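We number each residue from 1, following the sequence as shown. Here the structure is a predicted model, which means the values were calculated and not measured.
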Amino acid sequence: MASTFFGLNIAASALGAFQASVNTTANNVSNVKTPGYSRQEAILQAAEALRVNQKYGTAGSGVDIVAIKQVRDIYYDVKYWESNSKLGLYESRLYYSQQIEDYVLDDDTVKGFSTIMTEMFNALDTLKTSTGDRDKRQQFISKAQNLANYFDAISTGFSKIQDSCNQEINSQVANINSIAEKIASLNKQINLLELQGGYANELRDERALLVDELSGIVSVECTETKVLNTNYPDMYLGGTEYVVKINGQTLVNNYEYNQLECVAREYKVNQSDNDGLYDIFWKENQVPLATTSGIASGSLKALFETRDGNNRDNFSATVEGFKVTNQGTEMTLTGASIKDVKNMTMDHEGIIVVHNTELKYTGFSYDADTDTYTFQLEKKLTVPEQAQLKNKKAEIGTSIDAMGIPYYMAQMNTFVRTFCQEFNNMHRSGLDANGDDAGSFFVAVGITDGEEYAFEDFEGTGSMSTSGDSYYRLTAQNMSVANAIIRDPLKMATVSKEGYNPDDVDKNDLAIKMMDLKSKIIMFRGGGADSFLKCLISDNSIDTEKARVFCKNFDNLTSTIDMRRMSISGVDEDEEAMNLLKFQNAYNLASRMVQTMSEMYNRLILETGV
C-alpha cells in the first residue's frame, strides 16, 4: 500500500517539473536573439505507477522530467545546408563576374576597346590621304600603341582578379581547418556530457552554427549515429559519432579531423596564369580536394571556377609514341583539341598528365603538316613505361565548365594574335617610306628581358615551337608596336612592293587595304576586329545575369527554408509568453495541492489521533 504521505510526494514532483519548465522558458526568452540558438523544452512524462494491493491495481506517482532537449528538425538543417552552398556559389560567382564586367566596360563613361579601335582606324584613314606626313604617321602609331596598352591594362586587371581569388582560396582553407577543429572539439564535449545522461543543447547549437557557416564555403554532408553496445545492439550507450564530409570527402570523424593545405603550383597550367596559384590537398595523404566536381558547391568552388575556368577548353590529345634522347623523352601526340597557334593556352613548360601519370615537359612543338605535337619530357621513360602510356589520353590542366579568367585571357590572346598576324602580314608585304622592306608592325615584348619578338620564324603555315619566334610568344599582356617604328615613323609601310614609286611620297594602297581589318576581314568568332569586345561582353553578360538570377533564387529559397527551420527551432516570444503563464498556473496549482495536502495531514495527525 502507498505511504500516507504519498500524495505530498506527487505534488512535490509537480512543483519540480513546472519549476524546470519555467526555468527552460526563461532560458528561451533570454536567448531569443542569440544566433544559432534552438528552442528548448522540458520533456515531462508520467512517473512509473505504484502497484498497490487494491482493486484499481496501481496508483499514479506523479511526473518525471525526462530531459530538457532542443527542438530541431534535421530535415530542414540538411535542406538549409544544400541551399546555402548554392547561395555561396552564386554569390561569389556574381561578385567576380561583376568585377570582370567592370574591366570590359565600354560606354560613354569609359574609354574602352571600341573607342580605342575606332580612334586607331580613324588615324589610319587620315594617314592614307597623306602618307608622307611624319606627324600623321606618328599619330597612327600612338593610337596603335594605345590599343596595345589597353590589352595590357585588361590583362593586368584580370591577373589581379585571379590573384584575389587565389588569396581568398587560401583564406577559405584556413577557415575550413578552424571550423573542423572546433567541430571535433565540440563532438568530444557533447559526448562527455551526454554519456553521463545529460543533453548538451548549447554545444549542439554551437556545432550546428559552425556547420551553417561551413555550408556557405563547401557542400556539406553530416551524419550522426548512436553508439550502441556491441554485445547488446539495442542498448544505446548515450554517445554519438558525428561525421562531417565536404565535397564528398571526410573532414571530421567524431573526435578526429583532417586538415587541408594550400600548395603553390610549381608550374603554370595556362600561359597567362599568375605564378604560384594554389591547389588544395589533404595534409595527411596529399590527396587533392574535389573543388570543381559535380558534387562540389559553395563559394570555394566559385573561386576555383573564376580563377581556373576554361570553358572546357583545356589541351587534350592522344599519345602516339615516344623517342628517347640524351635530354629525355620526346612524346608525340595526335588528335589534339587545339590545332592553331593562335588558340594555344599551354605554358612553354609544365606538367602534362597521361593516364594519371604526371610528366614534366620542358617545351613542345607543333607540326601542321602531320597535325602532331611533340613534347620534350624531362624524364627518360623506360620501354614498359612507354607501353603503359601509349594510346592513352594526355591533358594539361583540368576541363572546367566555367568562363573564368583563363577563358577570357585565352579569348584576348586569340584575338591579339589573329589581329597582329593579319596586320603584320600586310605590313611585311610593303615598303617603308625609305623604300626598304618593312618588318612586323606589332611585336611581342619579353616580360622579363624586354626582348622583342617579331615572329621571324612563323611563315603562316601553322607549325611552331615554344623555342622559336612564333605568334605563340604574343599575348595580350606583351603586345606592342615595334620599337624601331615608334622611334622612326618612316619605317611604317603604307605602300605595297608592287605599287611602290619613289617619286610618289603619298602612295597609299597598303594603308587602304589595312582599313579592311576593322570589320571586313573575318578574324574573331565570325566577325571583324570591331566585334571582339561584343563577344566578350556577351559572354560576361550571360554569366553575370545567370549568377544574378540564381543568386536571387537561392537567396529566397535559403531564407524560406531558414524561416521554416526557425518556426520549429526558433524562439517565438508570444509562444514563450503563453508557456510562461501556463507553467506559472500549473506551478501555482501544484503549490495549492501541497497546501491542501498539508492541511489534510494536519487534520489527520493532530485532530484524529487518540
Side-chain angles (χ1 to χ4, degrees), residues 104 106 112-114 116-118 120-121 124 143-155 158 270-272 310-311 313 315 336-346 366 368 371 403 406-430 438-445 452-466 468-482 493 510 513-540:
V104 299
D106 187 15
F113 171 81
S114 299
I116 295 172
M117 176 68 76
T118 299
M120 186 183 82
F121 278 98
L124 181 61
K143 297 298 182 182
Q145 186 59 40
N146 285 346
L147 182 67
N149 293 339
Y150 166 81
F151 281 109
D152 179 50
I154 296 295
S155 298
F158 284 170
N270 302 293
Q271 186 182 16
S272 298
N310 52 28
N311 201 30
D313 198 22
F315 176 83
S337 58
I338 300 175
K339 301 183 179 183
D340 192 330
V341 66
K342 295 189 289 293
N343 299 327
M344 290 181 185
T345 59
M346 314 84 75
Y366 175 68
D371 190 20
M403 290 186 286
Y407 170 77
Y408 288 104
M409 294 291 279
Q411 292 294 297
M412 287 199 300
N413 290 346
T414 297
F415 173 77
V416 165
R417 289 166 178 170
T418 304
F419 179 79
C420 290
Q421 183 180 350
E422 292 285 349
F423 197 100
N424 284 346
N425 287 346
M426 289 187 182
H427 192 265
R428 294 175 69 170
S429 69
S440 293
F441 183 87
F442 289 106
V443 297
V445 180
E452 283 191 357
Y453 298 94
F455 324 115
E456 300 298 335
D457 296 344
F458 194 73
E459 300 298 333
T461 61
S463 298
M464 56 76 64
S465 171
T466 53
D469 185 9
S470 71
Y471 280 94
Y472 170 80
R473 292 187 178 273
L474 179 64
T475 66
Q477 196 168 12
N478 66 6
M479 170 188 175
S480 177
V481 177
L510 191 58
K513 188 177 179 182
M514 288 176 177
M515 289 292 297
D516 293 341
L517 288 171
K518 182 178 181 181
S519 57
K520 293 184 179 180
I521 296 178
I522 303 300
M523 63 175 64
F524 184 78
R525 289 166 64 169
D530 57 352
S531 66
F532 160 73
L533 193 66
K534 296 176 184 176
C535 296
L536 254 63
I537 290 177
S538 175
D539 291 339
N540 177 254

State, yes or no, whether a side-chain contact exists between Tyr408 and Asn540 at a heavy-atom distance under 4.5 Å. yes

Checking side chain to side chain contact (heavy atoms under 4.5 Å, CB included) for the pair Asn424/Tyr471: CA distance, chi angles, key distance, verdict? CA-CA 11 Å; Asn424 284 346; Tyr471 280 94; 3.0 Å; yes

Contact between Gln477 and Phe151 at the side-chain level, heavy atoms closer than 4.5 Å - yes or no? no

What are the two closest heavy atoms between Glu452 and Val445, and how far apart are they? CG-CG2, 4.4 Å

Return yes if some donor-acceptor pair links the side-chain N/O of Arg473 with the main-chain N/O of Gly468 below 3.5 Å, else return no. yes

I need the Met117 CE to Ser519 OG distance, nearest 0.5 Å. 10.0 Å

Kindly compute the distance separating CD (Gln411) from CG (Asn343), expressed to the nearest 0.5 Å. 8.5 Å

Evaluate the side-chain proximity of Lys339 to Tyr366: yes if any heavy-atom separation is below 4.5 Å, no if none is. yes

What's the spacing between Met479 CE and Asp152 CG if we round to 0.5 Å? 10.5 Å

Parallel, tilted or perpendicular: which describes the rings of Phe423 and Phe441, with under 30° parallel and over 60° perpendicular? tilted

Using a 4.5 Å cut-off on heavy atoms from C-beta on, say whether the side chain of Tyr472 contacts that of Gln271. yes

Got a donor-acceptor contact below 3.5 angstrom from the Arg417 side chain to the Leu474 backbone? yes

Residues Ala493 and Met514: closest non-hydrogen pair is O-CE, 3.7 Å

List the atom of Ser429, the atom of Leu510, and the distance in Å for their closest heavy-atom pair. OG-CD1, 3.9 Å

Check: Ser538 side chain, Lys534 main-chain N or O, donor-acceptor pair, under 3.5 Å: no

Between Phe121 and Phe419, what is the ring plane arrangement, given parallel below 30°, perpendicular above 60°, and tilted in between? perpendicular

Salt-bridge criterion met for Arg428 and Glu456 (N-O under 4.0 Å): yes

Side chain to side chain, Met464 and Met344, heavy atoms closer than 4.5 Å: yes

Is there side-chain contact between Met426 and Leu517, with heavy atoms separated by less than 4.5 Å? yes

What closest approach, in Å, do Ser470 and Phe455 show between heavy atoms, and which atom pair accounts for it? O-CD2, 3.4 Å

Going by atom types alone, do Asn413 and Ser272 pair a side-chain donor with an acceptor below 3.5 Å? yes

Do Ile338 and Met346 have side chains that approach each other closer than 4.5 Å (heavy atoms only, starting at C-beta)? yes

Compare every heavy atom of Ala368 with every heavy atom of Gly462, then report the nearest pair and how far apart it is. C-CB, 3.8 Å

Classify the angle between the aromatic ring planes of Phe113 and Phe532 as parallel (below 30°), tilted (30 to 60°) or perpendicular (above 60°). perpendicular

Rounded distance (nearest 0.5 Å) linking atom CD of Gln145 with atom CD1 of Ile116: 11.5 Å

Please assess Asn478 against Tyr453 for the test side chain to side chain donor-acceptor pair (under 3.5 Å), listing each intermediate value before the final yes or no. CA-CA 10 Å; Asn478 66 6; Tyr453 298 94; over 6 Å; no

Using every non-hydrogen atom in the two residues, find where Asp469 and Ala454 come nearest and quote the distance to one decimal. OD2-N, 3.4 Å

Any donor and acceptor pair, going by atom type alone, linking the side chain of Asn310 with main-chain N or O of Pro406 inside 3.5 Å? no

Under the side chain to side chain contact (heavy atoms under 4.5 Å, CB included) criterion, do His427 and Ser440 qualify, and how do the steps go? CA-CA 7 Å; His427 192 265; Ser440 293; over 6 Å; no

For the NZ atom on Lys518, are there more than 12 heavy atoms of other groups (residues, nucleotides or ligands in this structure) within a distance under 6.0 Å? yes

So among Asn270, Asn311, Thr345, which one has a side-chain contact (heavy atoms from CB on, under 4.5 Å) with Tyr407? Asn311

Interatomic distance, CD@Glu422 vs CG@Asp516, rounded to 0.5 Å, equals 11.0 Å

Using a 4.5 Å cut-off on heavy atoms from C-beta on, say whether the side chain of Asn146 contacts that of Met120. no

